[in-house]
Amino acid sequence: MIGVYGGTFDPVHYGHLRTALEVKEALTLDQVRFIPCRLPPHRQRPSVPSEARRHMLEVALTDAPPEFVLDPRELERTGPSYMVDTLASLRAEVEDRPLCLILGLDAFRDLPAWHRWETIFDLAHVVVMTRPGYSSRWPAPLKDQVTVRVSEEKPGLPATPAGKIYFQPVTQLDISATFIRQCLAAGRDPRYLLPPGVLALIRRKGYYRNPLS
Ligand code: ATP
């Protein structure tokens, strides 16, 4: 099975990396593809350009497990980075192999606002990671999908290429890119929340110094 971990990674932090590792181990994923988005359709523009976010991710993955892979396909596409398009292009490459879209609880809750969100279930399973501060109450259309698609059993996932929802507990790390950006803008030190190489790159390039970013 192939994991798909999308995000703005503005910047990448241990909340992304540790949870990805735990999901990889829990579901025995063959690969976790980190897919930075170029232009997020549902939120503010990222604070730094895509190439900077990609570079930080490359640095973060230098000593990562071999199954962690940077996948730049959204950066290479024009227009908004719709996950449904990303999954469709991956599906064309991997044929019938199961794809698992890995989402934090916050991202999952917002899923009904995503472009062609119901088609996502035709293309991938959705693995939802628990996240501090977010309850598991969701809007009605999502609740309906959960009722129909939830898989209580991990072994259910590899049996089909797509279509199930699975809730994966992960170690609760209350780390967000927002908090790291705020620390940097305020001149505070965000070390221990993200890989030291990524922080060194941020400092060298002067990213996130502007309080408005
Ligand atoms: P921001 O603070 O800018 O909104 P973020 O820290 O949420 O950013 P994103 O790159 O937007 O990071 O998140 C990508 C994915 O990673 C989302 O599915 C999100 O839910 C998940 N994620 C991010 N941080 C954590 C965390 N600490 N624990 C679990 N999941 C996380």
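The shortest side-chain heavy-atom distance between L21 and F68 falls under the 4.5 Å cut-off. The closest side-chain heavy-atom distance from H55 to V59 is below 4.5 Å. Residues K24 and P65 are in side-chain contact: their nearest non-hydrogen atoms beyond the backbone lie under 4.5 Å apart. Side-chain atoms of Q145 and W138, non-hydrogen and from C-beta on, never get closer than 4.5 Å to each other. By the 4.5 Å heavy-atom criterion applied to side chains, L61 and L17 are counted as neighbours. Contact of the L70 side chain with the E58 side chain is registered, since non-hydrogen atoms from C-beta on lie closer than 4.5 Å. Between V48 and I202 there is no side-chain heavy-atom pair separated by less than 4.5 Å. Using a 4.5 Å cut-off on side-chain heavy atoms (C-beta onward), C183 and D189 make no contact.
The shortest heavy-atom contact between S47 and D10 is N-OD2, 2.7 Å. Listed here is the closest heavy atom pair of P196 and Y14: CD-OH, 3.5 Å. Of all the heavy atoms in M56 and V12, the pair that sits closest is O-CG1, 3.8 Å. Contact record, I180 with P190: CG2-CB, 4.0 Å, taken as the closest heavy-atom pair. The heavy-atom pair separating R181 from P11 by the smallest distance is CG-CD, 4.3 Å. Contact between M1 and L157 at its shortest, heavy atoms only, is SD-CB, 3.8 Å.
A donor-acceptor pair under 3.5 Å is formed between the side chain of S81 and the backbone N or O of R38. The backbone N or O of E22 sits nowhere less than 3.5 Å from a side-chain atom of R18 that would complete a donor-acceptor pair.
Side-chain atoms of R77 and T86 include a donor-acceptor pair closer than 3.5 Å. Side-chain N/O atoms of R73 and S89 include a donor and acceptor closer than 3.5 Å.
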side-chain contact (heavy atoms from CB on, under 4.5 Å) evaluation trace for I2 with L29: CA-CA 6 Å; I2 297 171; L29 298 177; over 6 Å; no
Worked check of side-chain contact (heavy atoms from CB on, under 4.5 Å) between L101 and H125: CA-CA 6 Å; L101 174 62; H125 299 306; over 6 Å; no
Stepwise side chain to side chain donor-acceptor pair (under 3.5 Å) check, T8 with R53: CA-CA 8 Å; T8 37; R53 293 181 288 111; 5.7 Å; no
Step-by-step side-chain contact (heavy atoms from CB on, under 4.5 Å) determination, F121 to L87: CA-CA 10 Å; F121 297 109; L87 292 172; over 6 Å; no
Salt bridge (charged side-chain N to carboxylate O under 4.0 Å, His left out) between R54 and E74, worked out: CA-CA 11 Å; R54 175 190 179 145; E74 290 191 356; over 6 Å; no
Trace of the side-chain contact (heavy atoms from CB on, under 4.5 Å) decision for H13 with V198: CA-CA 8 Å; H13 53 69; V198 175; over 6 Å; no
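A continuous path of ILVMFWY side-chain contacts below 4.5 Å connects V150 to L103, so both sit in one hydrophobic cluster. Clustering ILVMFWY residues whenever any of their side-chain heavy atoms sit less than 4.5 angstrom apart, transitively, puts I120 in the very cluster that holds V94.
The one candidate from V69, L75, D71 that meets the side chain to side chain contact (heavy atoms under 4.5 Å, CB included) condition with I35 is D71.
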Do any side-chain atoms of residues 159-170 form donor-acceptor pairs under 3.5 angstrom with protein atoms, and if so which ones, sequence neighbours left out?
none

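By the 30° and 60° cut-offs, the orientation of the rings of H16 relative to Y5 is perpendicular.
The distance from the CG atom of L199 to the CG atom of L201 is 9.5 Å, given to the nearest 0.5 Å.
A ring-centre distance under 6.0 Å is not found for Y82 and W114.
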